[in-house]
Amino acid sequence: MSLTCQQISSILNTAPGLAVLNATHLSNGVVVDLPGLVPSCMVNGLSSTTTTNDLCRIIVNVTTSASSTNRIEAWLPDNWNGRFLATGNGGIGGCIDYANLQHGAGLGFATFGTNGGHDGQTGFEFFLNRPEDINDFGYRAIHAEAEAGKYIIEQYYGRKADYNYYSGCSTGGRQGFEEAILYPDDFHGILMGSMGVDWLHIVASKGILARRMGWPDLSSPKYITAAQWSAIVKAQIDLLDPLDGVTDGIIDDPTSHTIDPSIFGCGNDVLNSSLCLTDVQVQTVREIYEPLTNSEGDVVYPSFDLGADTSVFSANTKTVDGTTVPELTYTVLQDYWRGAVYNSSTWTPHNFTIADMDFAVNLNPGGINIAGGLSHNVSAYHFQGGKLLAYHGRADQTVTSAVSSRAFHRTAETLDLSLEQMHDFYRLFYVPGMGHCAGGVGAWSIGQPNVNRPPGEQFNNTDNNILLALVDWVEEGNAPQALVGTKFKGDRLGEEVEAQRTHCVYPSVSRWDGVGDAKKAESWRCELA
Ligand SMILES: *[C@@H]1O[C@H](CO)[C@@H](O)[C@H](O)[C@H]1NC(C)=O
Ligand SMILES: *[C@@H]1O[C@H](CO)[C@@H](O)[C@H](O)[C@H]1NC(C)=O
Ligand SMILES: *[C@@H]1O[C@H](CO)[C@@H](O)[C@H](O)[C@H]1NC(C)=O
Ligand SMILES: *[C@@H]1O[C@H](CO)[C@@H](O)[C@H](O)[C@H]1NC(C)=O
Ligand SMILES: *[C@@H]1O[C@H](CO)[C@@H](O)[C@H](O)[C@H]1NC(C)=O
Ligand SMILES: *[C@@H]1O[C@H](CO)[C@@H](O)[C@H](O)[C@H]1NC(C)=O
């Protein structure tokens with residue numbers, strides 16, 4: 001017997017560690033106001049969301065320690081497909097992922113979101129002297145969501161879910177991988193986008209790269225302006241894009257190319273006279289595309305991808321009272337080091353060095369760097385048949401794309417598995433021309449959530465939707481062989497299809513067949529690189 005949405009509160013309130021804030025039945029298409037939403041969690045400034053079917057919406061506090069609670073939101077569809085879907089966070093966390101709630105619930109999953117233990121994705125106060133909130137963000141929030149989610153589903157529907165899934169991108173990808181390492185019983189299938197594993201090195205890299213060009217000294221001879229970076233990246237694409245056979249604005253695999261940056265120097269005609277580089281600046285570009293090493297000289301973060309937008313380090317000034325001052329637009333570094341590493345509300349990354357990176361990595365606040373930093377040991381998850389499905393754009397400006405292949409290979413080493421054995425439980429899809437989690441000039445739409453738009457019949461299948469591909473793998477044993485990515489007009493699901501392309505299981509890559517329409521998926525084949 002299942003309960004009504006109204007009845008559920010009193011039952012859940014008797015469970016230790018749960019406190020219901022609201023439980024309301026909503027019809028399809030209802031606009032849901034989110035009055036308590038902090039500004040940094042308002043996607044495109046919106047403080048409301050829309051349901052994608054008839055469902056029971058439950059908001060609960062979950063106690064995770066004597067001094068911490070997480071807020072979890074459940075969207076429980078009336079026409080439930082029998083599955084649980086937990087979702088993660090982005091960036092520095094702190095926002096319930098409403099786009100994923102809509103997407104999952106729209107497909108019939110009992111879908112959950114979490115604030116990851118704090119509210120807001122900019123700021124540091126939510127971490128400063130709050131070690132348990134640092135722990136939630138580091139290793140615990142998704143486990144708390146999994147446990148509460150399973151309990152709520154059983155109470156509400158009167159039975160357990162048949163299968164338990166997780167989906168997250170960026171920080172959410174890190175959270176998924178960390179679940180597989182620490183809590184292998186939580187999920188049967190884990191979907192990890194642009195996985196931010198070895199998170200501290202990813203975040204630190206923004207500071208290191210900015211410092212490589214003399215920042216915060218904007219008059220340093222090494223400094224390269226944002227306008228110059230745009231021109232450099234455009235030239236990289238112009239030069240490398242045709243080498244993969246199709247001129248489509250996409251560098252299929254930036255890790256397979258190098259460019260001698262001296263071509264960007266003045267007198268080489270690649271950049272015009274107002275943008276071209278001095279010899280010192282040429283050397284800066286050379287250094288920027290070097291991988292990161294720690295103070296012991298070990299490589300700890302792969303090179304920034306050629307052709308990827310450089311804003312994470314090149315957008316590094318702001319205007320205060322008409323004066324330009326150095327400040328990274330990418331806020332996670334300053335916020336996290338202030339709140340969770342140095343416990344200082346005034347610290348800035350202006351003097352950031354490798355020592356600041358290493359200090360954080362050694363501290364490992366809240367176990368944040370377990371996933372893909374300290375560990376790749378998903379052996380228990382593997383042993384019990386769990387599946388890991390990863391995807392990553394090849395033009396990712398925030399998490400350089402080689403992070404995902406590195407995690408794949410290190411997992412293979414840790415578990416001592418061959419490629420074939422790895423493919424039995426862990427598959428990675430690269431998406432050429434996709435930025436961070438979504439967007440870009442490539443045929444990037446593979447079933448990532450799309451705000452306010454359910455996928456519709458044409459796209460809610462295992463070829464077009466990577467979440468449904470994961471379900472098919474877990475439940476039917478059909479491992480995904482290829483995915484069809486779509487470029488929609490205006491990047492809006494449901495609009496006109498401008499191009500499609502086949503995406504392949506790493507290490508295979510998709511190659512144009514040389515004859516067909518390059519905007520059609522069937523003109524692309526998966527081949528070993
Ligand atoms: C839920 O948690 C928040 C943040 O810890 C707290 O301010 C609020 O009082 C809690 N509400 C209930 C009903 O427990
Ligand atoms: C150089 O190119 C930039 C960007 O296209 C343009 O704005 C600028 O006017 C050009 N400068 C010269 C000297 O041609
Ligand atoms: C900051 O606080 C954390 C506990 O939240 C502690 O582990 C760490 O050592 C502190 N860092 C510094 C630089 O004092
Ligand atoms: C950075 O280091 C320089 C030289 O050591 C020092 O003068 C400056 O105050 C530091 N800046 C910040 C923001 O800490
Ligand atoms: C991985 O974890 C398992 C327990 O789940 C343990 O038996 C094994 O020794 C670990 N492997 C490595 C390489 O640490
Ligand atoms: C896809 O959508 C159609 C029409 O809404 C529906 O009948 C079907 O069950 C959906 N399939 C999946 C896998 O959700």
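Each residue takes its place number in the sequence, starting with 1. None of these values were measured; they are calculated from a predicted model.
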Participant: Main chain of Asn61, side chain of Thr69: is a donor-acceptor contact present, judged purely on distance under 3.5 Å?
Facilitator: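 Between the backbone of Asn61 and the side chain of Thr69 there is no qualifying donor-acceptor contact (under 3.5 Å).
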
Participant: Is it possible for you to check whether Arg174 lies under 6.0 Å from the centre of the six-membered ring of Phe137, through NZ or CZ, and within 45° of that ring's axis?
Facilitator: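 Ring-cation test returns yes.
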
Participant: Could you go through the salt bridge (charged side-chain N to carboxylate O under 4.0 Å, His left out) check for Lys487 and Glu498 one step at a time?
Facilitator: CA-CA 5 Å; Lys487 177 71 180 170; Glu498 288 182 340; 5.6 Å; no

Participant: Picking from Arg427, His409, His423, what satisfies side-chain hydrogen bond (donor to acceptor under 3.5 Å, both in side chains) with Tyr506?
Facilitator: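 By the side-chain hydrogen bond (donor to acceptor under 3.5 Å, both in side chains) criterion, Tyr506 pairs with just one of Arg427, His409, His423: His409.
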
Participant: Do the side chains of Leu12 and Tyr151 get nearer than 4.5 Å, heavy atoms only?
Facilitator: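 Yes, their side chains come closer than 4.5 Å.
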
Participant: Compute the centroid of each ring, for Phe488 and then for Phe459, and state whether the two points are separated by less than 6.0 Å.
Facilitator: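 That pair passes the under 6.0 Å test.
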
Participant: Check Ala161 against Ile153 and note the closest heavy-atom contact, atom names and distance.
Facilitator: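 Smallest heavy-atom distance, with atoms named: N-CG2, 3.9 Å.
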
Participant: Would Val399 and His436 count as a side-chain contact (heavy atoms from CB on, under 4.5 Å) here? Give the steps.
Facilitator: CA-CA 7 Å; Val399 180; His436 188 53; 3.5 Å; yes

Participant: Testing the 3.5 Å rule here: is there a donor-acceptor pair between the side chains of Gln500 and Thr486?
Facilitator: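 Looking only at side-chain atoms, Thr486 and Gln500 do form a donor-acceptor pair, the distance falling under 3.5 Å.
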
Participant: Looking only at the side chains, is there a donor atom on one of Thr414 and His376 sitting less than 3.5 Å from an acceptor on the other?
Facilitator: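 Checked: Thr414/His376 side chains show no N/O donor-acceptor pair below 3.5 Å.
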
Participant: For atom CZ of Arg130, is the number of surrounding heavy atoms from other residues, nucleotides or ligands below 6.0 Å larger than 12?
Facilitator: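 No, not enclosed.
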
Participant: Would Ser401 and Arg394 count as having a side-chain donor-acceptor pair, cut-off 3.5 Å?
Facilitator: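 Yes, because at least one side-chain N or O of Ser401 sits under 3.5 Å from a partner of the opposite role on Arg394.
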
Participant: What's the separation between atom CG in Asp119 and atom CZ in Phe126, rounded to the nearest 0.5 Å?
Facilitator: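 Asp119 atom CG to Phe126 atom CZ measures 9.0 Å (nearest 0.5 Å).
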
Participant: Distance from Phe425 atom CZ to Thr411 atom OG1, nearest 0.5 Å?
Facilitator: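 If I round to the nearest 0.5 Å, the distance is 6.5 Å.
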
Participant: Run Thr64 and Asp136 through side chain to side chain donor-acceptor pair (under 3.5 Å) and show every step you take.
Facilitator: CA-CA 8 Å; Thr64 54; Asp136 282 333; 3.0 Å; yes

Participant: Sub-3.5 Å donor-acceptor pair from the side chain of Thr87 to the main-chain atoms of Gly168, do we have one?
Facilitator: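 The answer is no, because no donor-acceptor pair under 3.5 Å joins these two groups.
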
Participant: Is there side-chain contact between Tyr330 and Val203, with heavy atoms separated by less than 4.5 Å?
Facilitator: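 Side chain of Tyr330 against side chain of Val203, heavy atoms only: contact under 4.5 Å found.
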
Participant: Could you label the plane-to-plane angle of the Tyr426 and Phe177 rings as parallel, tilted or perpendicular, counting under 30° as parallel and over 60° as perpendicular?
Facilitator: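 Geometry flag for Phe177 against Tyr426: tilted rings.
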
Participant: For residues Glu145 and Thr114, report the shortest heavy-atom separation together with the two atoms involved.
Facilitator: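 Here Glu145 and Thr114 meet closest at OE1-CG2, 3.5 Å.
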
Participant: Out of curiosity, Cys526 SG to Leu483 CG, how far, rounded to the nearest 0.5 Å?
Facilitator: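 Here the interatomic distance stands at 9.0 Å.
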
Participant: Looking at every heavy atom in both Gly189 and Leu470, which two are closest together, and how far apart are they?
Facilitator: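 For Gly189 versus Leu470, the nearest heavy atoms are C-CD2, 3.7 Å.
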
Participant: Is the backbone of Ile446 close enough, under 3.5 Å, to the side chain of Gln448 for a donor and an acceptor to pair up by distance?
Facilitator: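 Yes: the side chain of Gln448 pairs with the backbone of Ile446.
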
Participant: State whether the side chain of Asn81 and the backbone N or O of Arg83 hold a donor-acceptor pair below 3.5 Å, judged by distance alone.
Facilitator: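 Yes, because the side chain of Asn81 sits within donor-acceptor range (under 3.5 Å) of the backbone of Arg83.
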
Participant: Crowded around Gln384 CD? As in, over 12 foreign heavy atoms under 6.0 Å?
Facilitator: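 Counting neighbours around CD of Gln384, more than 12 heavy atoms of other residues, nucleotides or ligands fall under 6.0 Å, so yes.
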
Participant: Could you pull out the closest heavy-atom pair between Gln121 and Gly93, with the gap in Å?
Facilitator: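 That closest heavy-atom pairing would be CB-O, 3.2 Å.
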
Participant: Would the distance check show the side chain of Gln481 and the main-chain N or O of Ala479 forming a donor-acceptor pair, the cut-off being under 3.5 Å?
Facilitator: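 The answer is yes, because a donor-acceptor pair under 3.5 Å joins these two groups.
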
Participant: Keeping the roles fixed (side chain from Gln397, backbone from Gly435), state whether a donor-acceptor pair exists under 3.5 Å.
Facilitator: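 Checking the backbone N and O of Gly435 against the side chain of Gln397, no donor-acceptor pair under 3.5 Å is found.
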
Participant: Is there side-chain contact between Phe408 and Met195, with heavy atoms separated by less than 4.5 Å?
Facilitator: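 When only atoms from C-beta onward are counted, Met195 and Phe408 do not touch, as no gap falls below 4.5 Å.
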
Participant: Does any N or O in the side chain of Asp305 come within less than 3.5 Å of the main-chain N or O of Thr400, such that one atom is a donor and the other an acceptor?
Facilitator: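 Checking the backbone N and O of Thr400 against the side chain of Asp305, no donor-acceptor pair under 3.5 Å is found.
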
Participant: Using side-chain heavy atoms (C-beta onward) and a distance below 4.5 Å, is Asn465 in contact with His103?
Facilitator: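 Yes - at least one pair of side-chain heavy atoms lies under 4.5 Å apart.
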
Participant: Tyr381 and Glu179: side-chain donor and acceptor closer than 3.5 Å?
Facilitator: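 On atom types as modelled, these side chains do not qualify, holding no pair under 3.5 Å.
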
Participant: Verify the distance criterion only: is there a donor paired with an acceptor across the side chains of Asn89 and Gln175 at less than 3.5 Å?
Facilitator: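 Short answer, yes.
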
Participant: Take atom CG in Asp416; do more than 12 heavy atoms of anything else shown fall under 6.0 Å from it?
Facilitator: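 No, the 6.0 Å shell around CG holds no more than 12 heavy atoms from other groups.
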
Participant: Is there a donor-acceptor pair closer than 3.5 Å between any side-chain N or O of Thr51 and the backbone N or O of Ser27?
Facilitator: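 Confirmed, Thr51 side chain pairs with Ser27 backbone.
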
Participant: With rounding to the nearest 0.5 Å, note down the distance linking CD in Gln334 to OG1 in Thr122.
Facilitator: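 It comes to 11.0 Å.
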
Participant: For Leu76 and Leu55, what are the C-alpha separation, side-chain angles and deciding distance, and is it a side-chain contact (heavy atoms from CB on, under 4.5 Å)?
Facilitator: CA-CA 5 Å; Leu76 307 176; Leu55 53 85; 5.6 Å; no

Participant: Can a donor-acceptor pair be found between the side chains of Asn478 and Asp472 at a distance below 3.5 Å?
Facilitator: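 Note: Asn478 and Asp472 side chains meet the donor-acceptor criterion.
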
Participant: Hey, are Ser405 and Tyr430 close enough side-chain-wise for a donor-acceptor pair under 3.5 Å?
Facilitator: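 There is such a pair (donor and acceptor under 3.5 Å, judged by atom type) between the side chains of Tyr430 and Ser405.
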
Participant: Are side-chain N/O atoms of Glu132 and Asn135 paired as donor and acceptor at under 3.5 Å?
Facilitator: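 Asn135 and Glu132 do have a side-chain donor-acceptor pair below 3.5 Å.
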
Participant: Which atom names give the shortest non-hydrogen contact between Val505 and Pro480, and what distance separates them?
Facilitator: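 Heavy-atom minimum between the residues: CG2-O, 3.4 Å.
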
Participant: Asn294 vs Met357, test: side-chain contact (heavy atoms from CB on, under 4.5 Å). Steps then yes/no.
Facilitator: CA-CA 8 Å; Asn294 65 12; Met357 173 176 80; 4.3 Å; yes

Participant: How about Phe429 and Leu389: do any of their side-chain heavy atoms sit closer than 4.5 Å?
Facilitator: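 The answer is yes; the side chains approach within 4.5 Å.
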
Participant: Would a 4.5 Å heavy-atom cut-off, applied to side chains only, mark His143 and Asp186 as touching?
Facilitator: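 They are in contact (side-chain heavy atoms under 4.5 Å apart), so the answer is yes.
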
Participant: Looking at side-chain heavy atoms only, is the closest gap between Phe352 and Trp337 below 4.5 Å?
Facilitator: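 Yes, side chains in contact.
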
Participant: Can you find a heavy atom in the side chain of His503 that is under 4.5 Å from one in the side chain of Tyr391?
Facilitator: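 SC-SC contact between His503 and Tyr391 ruled out.
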
Participant: Can you find a side-chain donor-acceptor pair between Asp78 and His25 that sits under 3.5 Å?
Facilitator: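 Checked: Asp78/His25 side chains pair up, N/O donor to acceptor below 3.5 Å.
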
Participant: Among side-chain atoms of Asp198 and Asn369, is any donor-acceptor pair under 3.5 angstrom?
Facilitator: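 Judged by distance alone, the side chains do pair up.
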
Participant: Backbone N or O of Ala371 within a donor-acceptor pair of the Glu178 side chain at under 3.5 Å?
Facilitator: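 Judged by distance alone, yes, a pair lies under 3.5 Å.
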
Participant: Taking it one step at a time, do Tyr165 and Val471 satisfy side-chain contact (heavy atoms from CB on, under 4.5 Å)?
Facilitator: CA-CA 8 Å; Tyr165 295 94; Val471 166; 3.8 Å; yes

Participant: Which value, rounded to the nearest 0.5 Å, describes the distance between Ile96 atom CD1 and Cys41 atom SG?
Facilitator: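 Taking CD1 in Ile96 and SG in Cys41, the distance rounds to 8.5 Å.
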
Participant: Please identify which of these residues, Asn377, Leu388, Leu417, meets the side chain to side chain contact (heavy atoms under 4.5 Å, CB included) condition with His382.
Facilitator: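 It is Leu417, the one option of Asn377, Leu388, Leu417 that forms the side chain to side chain contact (heavy atoms under 4.5 Å, CB included) with His382.
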
Participant: Are the side chain of Arg57 and the backbone N or O of Thr24 linked by a donor-acceptor pair below 3.5 Å?
Facilitator: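 Looks like no, no N/O pair under 3.5 Å.
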
Participant: Can you sort out the partners of Thr346 under side chain to side chain contact (heavy atoms under 4.5 Å, CB included), two or more places apart, ordered by chain and number?
Facilitator: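 Side chain to side chain contact (heavy atoms under 4.5 Å, CB included) check on Thr346 returns Ser344.
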
Participant: To the nearest 0.5 Å, tell me how far Leu18 CG sits from Ser9 OG.
Facilitator: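 So the gap between those two atoms works out to 11.0 Å.
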
Participant: Under the ring pair (Phe, Tyr, Trp, His ring centres under 6.0 Å) rule, what do Trp199 and Tyr336 come out as? Steps first, then yes or no, please.
Facilitator: CA-CA 11 Å; Trp199 193 85; Tyr336 193 78; 4.8 Å; yes

